[in-house]
Amino acid sequence: MTENQNLEALKTPGAVFFIFGATGDLAKRKLFPAIYSLYREGKLAEDFAVIGVARRPRTQEEFREDIFQSIQEFCRYKAEDNDNWKTFAQHFEYKSLDINNVDGFRELNEQTVKLEKQFGIPGNRLFYLALAPELFGSVSFNLQKGGMLDAEGWNRLVIEKPFGYDLKSAEELNEQIRQVFKEEEIYRIDHYLGKEMVQNIEVIRFANAFFEPLWNNKHIANVQITLSETVGVEERGGYYDHAGALRDMGQNHMLQMLTMIAMEPPSRLLPEDIRDEKVKVLRSLRPYETAEEVKKNVIRGQYIKGSARGKDLPAYREEDKVDPNSNTETYFAARLFVDNFRWAGVPFYIRTGKRLPVKTTEIVVEFKSMPNNVYLGKKYKLEPNLLVIRVNPMEGIYVKINAKKPGSENEIEPLAMDFCQSCMVGINSPEAYERLLHDAARGESTYFTRWDEVASAWSFVDKIAEAWAQNQGDISYYPAGSWGPKETDELLKADGFHWWPVNGQEEDNVVWQIGK
Ligand SMILES: NC(=O)C1=CN([C@@H]2O[C@H](COP(=O)(O)OP(=O)(O)OC[C@H]3O[C@@H](n4cnc5c(N)ncnc54)[C@H](OP(=O)(O)O)[C@@H]3O)[C@@H](O)[C@H]2O)C=CC1
Ligand SMILES: O=C1O[C@H](COP(=O)(O)O)[C@@H](O)[C@H](O)[C@H]1O
């Protein structure tokens, strides 16, 4: 393929993008920068328009100024105040509208038709709901009543997480949306699926002869997925105190990464085939039915006062908009099992938390050790081989192997073969939201979650949440800036394993860590 053909294949079809919630945090930090990056990369030509929708008043000039500021602050490309910027900004308009006001949607339709004529857009409409989920149903109904879905092109609905609070509320939400949109028109965002290295899991697994044959319970001892954050709840205390780490990160990002690691190779690289395989993994998760099973396999914690990098940090219960008696978990870790032929008996350890010492997302696949009753194993203590996939913020993979210590006669030491992708492409790697917006506009649904995936993930998580709700007392506390409750280490120790240190974690005896 020539470069021009390649760019043509990546080009987004002409469409109007509606950003509902255009004055909000997500639009400012992620969506406007993503649209600008697509434009700068030639993936978005001149046949597009963006209409920002929210209640507060904004003139067109003020709205365009908001976008300029958002790009300057959050985009990997900077806008310059020149003709190029002015051409881009002309594609943006604002509509002040309460989403409960159906007449406003009729006006919005008139505004849209004008823009479609102006930019030669063939009636394709993408509705991005950067709104609280309680509003998804009303927007869908009013889009229909206001005639917004009657244009000639396609309609697509992109919705943000959280998709419900539990299975029941997710079903209700889904039912409302499905009265208006077909499943194939709905794009449920899980922004972790837009991350470079999460998408790379498939390639690492299915394009390498030395991984796939070993990818099973005969050769893999355990899998560890860590998603640690240094931040607390910031301005989102109200939402977070209702949700907690299990719903905020577990039901979606953590389980999605697990499915990418555990799924069977799809028969074809088509969205539905890939999603079929992912949902099978979710259905194979061993459910924890009783409070005892939950207690044995899942740990929850909440941060108390602590410090990090010389700075004092408040307790979770002291955070803005958080109940001072809150029992919401800011951390959870679990031992999960995928009960199928490939994975029977292999524990998947997952952990995530706020106010941990480093910001990192990493997946460690620990291979079974060589038999220690023969040859080298008899003589040396061999470290297990590891495949580490670094998702965030560093991107890359490395493999830890045993090798002869250079210069020594017969000493063996662990050695890391490191591919640091971020060192090579640096800040040019597209942001998750950029990829996902681009995919949704091209009708590429692989990296969005299908309803049955969402439902299966909720039914698994609900049982844990129910057990916790009945037993409020079993929460552990950890100082902000520490690695979470100590019980988390016990979870692995009981199986003869330990957490492998993640990138940035200080460990004196880790000779194979990069930079050591
Ligand atoms: N921010 C983030 O990093 C992330 C956010 N999300 C999800 O994305 C969604 C949006 O989040 P975020 O941007 O942070 O939220 P904000 O509270 O910052 O923004 C909400 C937006 O909704 C608009 N809005 C609220 N009520 C109405 C209404 N009745 N009619 C029209 N517009 C309305 C607000 O504008 P106005 O007040 O002017 O009407 C504002 O633009 C949420 O579901 C959140 O959970 C998911 C992942 C990350
Ligand atoms: O969805 C969410 O993700 C962020 C973490 O995302 P990352 O890309 O920065 O790793 C998390 O902070 C937030 O609580 C959650 O809602």
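Order of listing sets the numbers, starting from 1, for every ligand and every atom in it.
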Check your understanding: Does the N or O separation between Ile99 and ligand 1 drop below 3.5 Å for any pair?
Key -> yes
Check your understanding: Got the closest protein heavy atom to atom 19 (O) of ligand 1, with its distance?
Key -> Gly24 CA, 3.4 Å
**Study point:** Contacting atoms of ligand 1, where contact means under 4.0 angstrom from a heavy atom of Ala22
**Key:** 41 (O)
Check your understanding: Is Arg300 salt-bridged to Asp474, going by a charged N under 4.0 Å from an acidic O?
Key -> yes
Review point. Any side-chain donor-acceptor pair under 3.5 Å between Tyr94 and Asp66?
Key: no
Exercise for review: Any chance you could lay out the side chain to side chain contact (heavy atoms under 4.5 Å, CB included) test for Tyr398 and Asn503, step after step, and finish with the verdict?
Suggested key: CA-CA 11 Å; Tyr398 77 89; Asn503 190 36; over 6 Å; no
Review point. Just checking, is any N or O donor in the side chain of Ser70 or Gln72 under 3.5 Å from an acceptor N or O on the other one?
Key: no
**Study point:** Top protein contact for atom 11 (O) of ligand 1, by heavy-atom distance
**Key:** Leu26 CB, 4.3 Å
Check your understanding: Going through the distances and angles, do Ile363 and Met257 end up as a side chain to side chain contact (heavy atoms under 4.5 Å, CB included)?
Key -> CA-CA 9 Å; Ile363 303 170; Met257 284 192 282; 4.1 Å; yes
Point to revise | Short N or O distance, Leu135 and ligand 1, threshold 3.5 Å exclusive | key: no
Check your understanding: Got a sec, which pairs hit salt bridge (charged side-chain N to carboxylate O under 4.0 Å, His left out) with one end in residues 155-166, sequence neighbours left out?
Key -> Lys161-Asp248
Exercise for review: Drop me the distance from Lys195's NZ to Asp190's CG, to the nearest 0.5 angstrom.
Suggested key: 10.0 Å
Review point. Counting heavy atoms only, which of Lys30, Arg55, Arg29 comes nearest to atom 2 (C) of ligand 1?
Key: Arg29
**Study point:** Shortest heavy-atom approach to atom 35 (O) of ligand 1 - which of Asp98, Val139, Thr23, Leu97
**Key:** Thr23
Review point. Would one find an N or O of Phe136, backbone or side chain, under 3.5 Å from an N or O of ligand 1?
Key: no
Review point. At what distance is the nearest protein heavy atom to atom 20 (C) of ligand 1, and which residue and atom is it?
Key: Ala130 O, 4.1 Å
Review point. Using 30° and 60° as the class limits, which term best fits the ring planes of Tyr39 and Phe88: parallel, tilted or perpendicular?
Key: tilted
Revision key, fill the gap. Per-atom filter on ligand 1: closer than 4.0 angstrom to a heavy atom of Pro133 are 43 (O)
Exercise for review: Could you name the option among Asp25, Asn101, Val53, Leu131 that has the heavy atom nearest to atom 1 (N) of ligand 1?
Suggested key: Asp25
Point to revise | Under 3.5 Å side-chain donor-acceptor pair for Arg335 and Asn297 | key: yes
Review point. Heavy atoms only: which of Lys161, Glu160, His191 is nearest to atom 44 (C) of ligand 1?
Key: Lys161
For ligand 2, run through the N/O pairs with the protein that fall under 3.5 Å and put one pair on each line.
residue, atom, partner, partner atom, Å
ligand 2, 1 (O), Lys161, NZ, 2.8
ligand 2, 1 (O), His253, NE2, 2.8
ligand 2, 6 (O), His191, NE2, 3.2
ligand 2, 8 (O), His191, NE2, 2.8
ligand 2, 8 (O), Lys195, NZ, 2.7
ligand 2, 9 (O), Lys359, NZ, 3.1
ligand 2, 10 (O), Tyr192, OH, 2.4
ligand 2, 10 (O), Lys359, NZ, 2.6
ligand 2, 10 (O), Asn392, ND2, 3.0
ligand 2, 12 (O), Glu229, OE1, 3.3
ligand 2, 12 (O), Glu229, OE2, 2.6
ligand 2, 12 (O), Lys354, NZ, 3.1
ligand 2, 14 (O), Arg236, NH1, 3.3
ligand 2, 14 (O), Asp248, OD2, 2.6
ligand 2, 14 (O), Lys354, NZ, 2.8
ligand 2, 16 (O), Lys161, NZ, 2.8
ligand 2, 16 (O), Arg236, NH1, 3.3
ligand 2, 16 (O), Arg236, NH2, 3.4
ligand 2, 16 (O), Asp248, OD1, 2.7
ligand 2, 16 (O), Asp248, OD2, 3.4

Point to revise | Salt-bridge present (Lys95, Glu110; N to O < 4.0 Å) | key: no
Study note, to complete from the structure: heavy-atom search around atom 21 (C) of ligand 1 in the protein gives Gly21 CA, 3.6 Å
Review point. Would you call the rings of Phe20 and Phe127 parallel, tilted or perpendicular, where under 30° means parallel and over 60° means perpendicular?
Key: tilted
Practice item. Name the orientation class of the two ring planes belonging to Tyr128 and Tyr433 (parallel below 30°, tilted from 30 to 60°, perpendicular beyond 60°). Key: tilted
Exercise for review: From the options Gln302, Glu234, Glu229, Glu329, select the one residue that forms a side-chain hydrogen bond (donor to acceptor under 3.5 Å, both in side chains) with Lys354.
Suggested key: Glu229
Check your understanding: Does the N or O separation between Arg56 and ligand 1 drop below 3.5 Å for any pair?
Key -> yes
Review point. Salt bridge or not for Asp489 and Lys486, using N-O below 4.0 Å?
Key: no
**Study point:** Numbered atoms and elements of ligand 1 in range of Pro162, under 4.0 angstrom, heavy atoms
**Key:** 45 (O)
Check your understanding: Just to confirm, does any protein heavy atom lie below 4.0 Å from atom 17 (O) of ligand 1?
Key -> no
